[in-house]
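What follows is a single structure, written as structure tokens, with notes after it.
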Amino acid sequence: MKIIDGKKIAESLRADIAKEVKGFTRPPGLAVILVGHDPASEVYVRNKTKACVEVGFYSDQLHKSANITQEELISEINRLNDHKTIDGILVQLPLPKHIDENAVIDAILPEKDVDGFSSENIGKLMQNKPFIRPCTPKGVITMLGSINYNLKGKHCVIVGASNIVGRPMAMELLNLDATVTICNSSTKDIKQKAKSADVIIAAAGVPHLVNADWVKEGAVIIDVGINRLDNGKLAGDVDFESVKSKVSAISPVPGGVGPMTIAILLENTVTAYKARI
Ligand code: GUN
């Protein structure tokens, strides 16, 4: 059984980026906008900003009040769209309920949309002509590449259909000629579907949802879940102990997909920088 060590792959990606950035005429600039005080979002934004600084990017962190109006937020984005040395703009999600997330995301210029969530970037991914690709699904593909896993003709079951992970994940896998099943909370016989999978991508946000009963012998599992338990510990969507003797490869939590998402954000910022320079 192989452990897909996302932390190690991410470290290597970050080292390559830091080396490449040294040859640039100016540092790539990333603006990260955080609205309100969601504790998980605060941790993610801190980690993203730290990673930017470490590879030599210019990083601008904007912390806005939870009471900001949609118009004020969009006007801030317009200012960053026009900013010469800001190449990437990321609005940390979720946003407060009074703000339309899609309207905010689509206010970001597609060439600065380093999350790849805008209608234009998602549309390009769906057409299999991707430009900037959503970080977590792209990170999962990189992880499967690290074990030279050939997705062509494989049955991939995605547990979870979010805009951030499940849906773009399905397109990434389809673009590599996999056969894809996307499950959501209304899916019937979800265990049986998962059990027929060559690859399970667990992205439901439910701690330890996937156990040995869900898994075919020799399957590959990527665990996208990052769930904070009452005891303060992080848990994935997969019960690692239960499935470990059945799988051929699995990504751990922590140290799996989490560090990859951040490394790919840096990669996407370099893509955005190059597109503008
Ligand atoms: N919230 C959870 N994951 C993400 C992500 O990848 N990007 C943004 N902007 N917000 C998130």
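Both ligands and their constituent atoms are indexed starting at 1 by order of listing. The model shown is predicted, which means the values in this text are computed figures rather than measured ones.
- Heavy atoms of K48 found under 4.0 angstrom from ligand 1 belong exclusively to the side chain.
- At the shortest separation from atom 7 (N) of ligand 1 among protein heavy atoms lies D115 OD1, 3.1 Å.
- Although no hydrogens or angles enter the test, the distance criterion places a donor-acceptor pair under 3.5 Å between the side chain of N227 and the main chain of A235.
- For V215 against K195, the heavy-atom pair with the smallest separation is O-CE, 3.9 Å.
- A donor-acceptor contact shorter than 3.5 Å links the side chain of E101 to the backbone of L95.
- The shortest N or O to N or O distance between Q92 and ligand 1 is below 3.5 Å.
- In summary, the atoms of ligand 1 found under 4.0 Å from a heavy atom of L90, numbered by their order in the structure, are 9 (N).
- Regarding atom 1 (N) of ligand 1, its nearest protein heavy-atom neighbour is L93 O, 3.0 Å.
- At under 3.5 Å, a nitrogen or oxygen of V91, whether backbone or side chain, sits near a nitrogen or oxygen of ligand 1.
- Salt bridge annotation for E54-K50: present, with a cationic side-chain nitrogen under 4.0 angstrom from a carboxylate oxygen.
- When all heavy atoms of T85 and R26 are compared, the pair lying nearest together is O-NH1, 3.7 Å.
- Counting heavy atoms closer than 4.0 Å to ligand 1, residue F117 contributes side-chain atoms (C-beta onward) but none from N, CA, C or O.
- Under a 4.0 Å N-O distance rule, the pair K274/D87 does not qualify as a salt bridge.
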